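See structure below.
Keep in mind that this is a model prediction, so the values were computed, not measured.
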Amino acid sequence: MDQSRLPLVKALEQYIGENALRQHMPGHKGGLGAPQPAQDLLGVKLWQADVTEIAGLDDLQEPEGCIAEAQSLLADLYGAAASFFLINGSSVGIAALLLACLQPGDEILVPRNAHRAVLSGLILSGAKPIFVQVRQDEPSSMPLGLDAADFLQAVKKHPQAKAAFFVSPTYQGVTGDLAALIRICRTHGLLALVDEAHGVHFPWLPDGSLPTALLCGADACVQSAHKLAGSLTQSSWLHVGQDSALDVGRLKSALQWLQSSSPSYLLMASLDAARWQLAQEGKKRLRQLWEQAEQLRRRWQALAGVDIVGGVAGTLAAPFQMDITKITLAVRGWSGHAAAAQLRRQGIAVEWADETRLLLLLSLADVEQDWERLGQGLPQLLQLPAPGYFSKETMALPPVPPQRMTPREAALTDYRSVLLQEAQGLIAGEAITPYPPGIPLVLPGEELTAEVLAWITACKRQGQHMSGMADTTLETIRVVWK
Ligand SMILES: Cc1ncc(COP(=O)(O)O)c(C=O)c1O
């Protein structure tokens, strides 16, 4: 297909050019009724492009025109059997996939480092997750991912499972032997669904650097174009693999159930343009980015007191490896939070920090003039007196607690709030998740063990931002009560 085409962007441009009297939604009518502070912030063009499904602009739910063409171009670019635009991030794609593939009580194998987005799919479908613990890096304790032998053992223990869910790469950019994991799925008749939220750019990395879900034979995957490509926040896409055993009709229905009937054309046009950008410039930009990332890692790794997870080349214990454009590091004498705050004072805002480490993302947006400024960031910080922090590793995951009910049963039944210190042995009625990275410590339906409660208390003490619970002070927790 002609990847230089921009069907959705052009259709929008054409409509704006008509200068029609907009006797249709949205009510701001091309910005005429937009509140002034919002116009000042966002500019005229944004309001003009914020339109809805009128003649010529197609319909996301039943696409036949410019959206259908934009999605076909996307599928063609990635080699997918079909691709779908998502206007509520990869989160909605993950929920739709589980809803399309699973019925209440069906088992799905899920790595314990799965993002909390999987919980919506579990609650909606009523499926029973079989959590498999993931390997962790030594000594950083960073979650790596599923080991194929551990996964095979879990598959054999649960022969009735219908599907497996994989996270590749992780939030910190770690990939494992995805091809081996998917081969196991094929041999045992499991659908392979991949959360590739952080891997939208992988096909353009220098040859075969990191595995991609579609080339490894996944039935479907989701990718957050907004995370590491050029589209607007909240815009993602979902691909169905060639030879996928997934019921695409059911997937379409699930997407219709979950997505808005008034999808944002700003988000969709940005997806169309992000696909165009990757097709036109992805190879060049990503190759440059990879080289720059290597140089930056080398420069920082050479600094006394800086420890980059995976070193210069992103090397981890086999079969795990890293996307080197994500830099997770620790600075001796500095907590991750303190180092992040200092970098912010120096004009560098990071993606994430915890007690020990911080994470910086590089992407195709980073241009040459930024590299020197970024490269100086850590040397400048190191000239300051260190606050004197001694590392306490915090990226580890607690052991998987026993599951007493499915997430759906636990989330939709009666509950009570009890004091955290009195919750041991009760069943969680809500998920508790340090955010980011968004990996739940406990999910609804799981027993609140002493270990999990100690983990929650530690996260609270460290001032980690937590989400998912009704009581944001975490004095109390919701438990199942019936
Ligand atoms: C591993 C992983 N999966 C899924 C998601 C959800 O993606 P989105 O923000 O596009 O909904 C995230 C979000 O951070 C994530 O880190």
Just checking [X]: does its [atom1] atom have more than 12 heavy atoms from other residues, nucleotides or ligands closer to it than 6.0 angstrom?
X      : atom1 : result
Glu64  : CD    : no
Glu281 : CD    : yes
Asp40  : CG    : yes
Met25  : CE    : no
Lys460 : NZ    : yes

Are any non-hydrogen side-chain atoms of [X] and [Y] less than 4.5 angstrom apart?
X      : Y      : result
Gln464 : Tyr435 : no
Trp455 : Ile432 : no
Val240 : Ser83  : no
Met268 : Ile87  : yes
Ser363 : Thr325 : no
Leu343 : Leu358 : yes
Arg5   : Glu69  : yes
Ile67  : Asp59  : no

Testing the basics here: between [X] and [Y], what is the closest heavy-atom pair and its distance to 0.1 Å?
X      : Y      : value
Leu190 : Ala163 : CD2-N, 3.7 Å
Asp272 : Leu6   : OD2-C, 3.2 Å
Glu53  : Leu60  : OE2-N, 4.3 Å
Asn113 : Gly145 : ND2-CA, 4.2 Å
Pro129 : Pro407 : CD-CD, 3.5 Å
Ile327 : Ile324 : CG1-O, 3.9 Å

Closer than 4.0 angstrom, basic N to acidic O: yes or no for [X] and [Y]?
X      : Y      : value
Asp219 : Arg186 : yes
Asp354 : Arg357 : no
Lys10  : Glu13  : yes

Check your understanding: Only one of Arg408, Lys162, Lys128 forms a salt bridge (charged side-chain N to carboxylate O under 4.0 Å, His left out) with Asp106, so which one is it?
Key ->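 With Asp106 as partner, salt bridge (charged side-chain N to carboxylate O under 4.0 Å, His left out) holds for just one option, Lys162.
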Nearest 0.5 Å, what's the [atom1]-[atom2] distance between [X] and [Y]?
X      : Y      : atom1 : atom2 : value
Ser72  : Leu77  : OG    : CG    : 12.5 Å
Leu267 : Thr233 : CG    : OG1   : 9.0 Å
Ser140 : Gln172 : OG    : CD    : 8.5 Å
Met469 : Leu474 : CE    : CG    : 4.0 Å
Cys216 : Phe166 : SG    : CZ    : 10.5 Å
Ser270 : Gln277 : OG    : CD    : 10.5 Å

For the side chain of [X] and the backbone of [Y], is there at least one donor-acceptor N/O pair under 3.5 Å apart?
X      : Y      : value
Asp195 : Val167 : no
Ser236 : Ser90  : yes
Thr413 : Ala410 : no
Glu196 : Ala213 : yes
Gln3   : Leu73  : yes
Glu430 : Ala470 : yes
Gln376 : Arg373 : no
Gln403 : Ile130 : no

Worksheet entry | From CA spacing to verdict: side chain to side chain contact (heavy atoms under 4.5 Å, CB included), Tyr265, Leu8 | CA-CA 9 Å; Tyr265 274 75; Leu8 195 38; 4.0 Å; yes
Intermediate values then yes/no, side-chain hydrogen bond (donor to acceptor under 3.5 Å, both in side chains), Asp50 and His28: CA-CA 9 Å; Asp50 183 40; His28 63 69; 2.7 Å; yes
Is a side-chain donor-acceptor pair under 3.5 Å present for [Y] with [X]?
X      : Y      : result
Gln223 : His239 : yes
Gln14  : Glu18  : no
Gln259 : Asn88  : no

What verdict does the side chain to side chain contact (heavy atoms under 4.5 Å, CB included) test give for Lys283 and Gln288, after you've listed the backbone C-alpha separation in whole Å, the side-chain angles of each residue and the deciding distance to 0.1 Å?
CA-CA 9 Å; Lys283 201 162 174 201; Gln288 279 170 356; over 6 Å; no
Report task. Kindly determine whether Thr175 and Phe320 satisfy side chain to side chain contact (heavy atoms under 4.5 Å, CB included), including the steps that lead there. Result -> CA-CA 6 Å; Thr175 63; Phe320 302 103; over 6 Å; no
Open item on the list: For Tyr171, does the six-membered ring have the charged nitrogen or CZ of Lys326 within the cation-pi criterion, i.e. under 6.0 angstrom from the centroid and within 45° of the normal?
Closed with: yes
Quiz item: Below 6.0 angstrom between ring centroids: does that apply to His115 and Phe165?
Solution: no
Please confirm whether the ring centroid of Trp204 lies under 6.0 Å from the ring centroid of Tyr78.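 Trp204 vs Tyr78: aromatic centres under 6.0 Å.
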Check salt bridge (charged side-chain N to carboxylate O under 4.0 Å, His left out) between Glu446 and all other residues, then give those that pass, not counting sequence neighbours.
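By the salt bridge (charged side-chain N to carboxylate O under 4.0 Å, His left out) rule, Glu446 matches Arg112.
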Q) So Arg116 and Ser467, side chain to side chain contact (heavy atoms under 4.5 Å, CB included) or not? Walk me through it. A) CA-CA 10 Å; Arg116 68 160 190 210; Ser467 80; 2.4 Å; yes
side-chain hydrogen bond (donor to acceptor under 3.5 Å, both in side chains) between Gln256 and Glu62, worked out: CA-CA 9 Å; Gln256 289 194 0; Glu62 297 294 348; 3.0 Å; yes
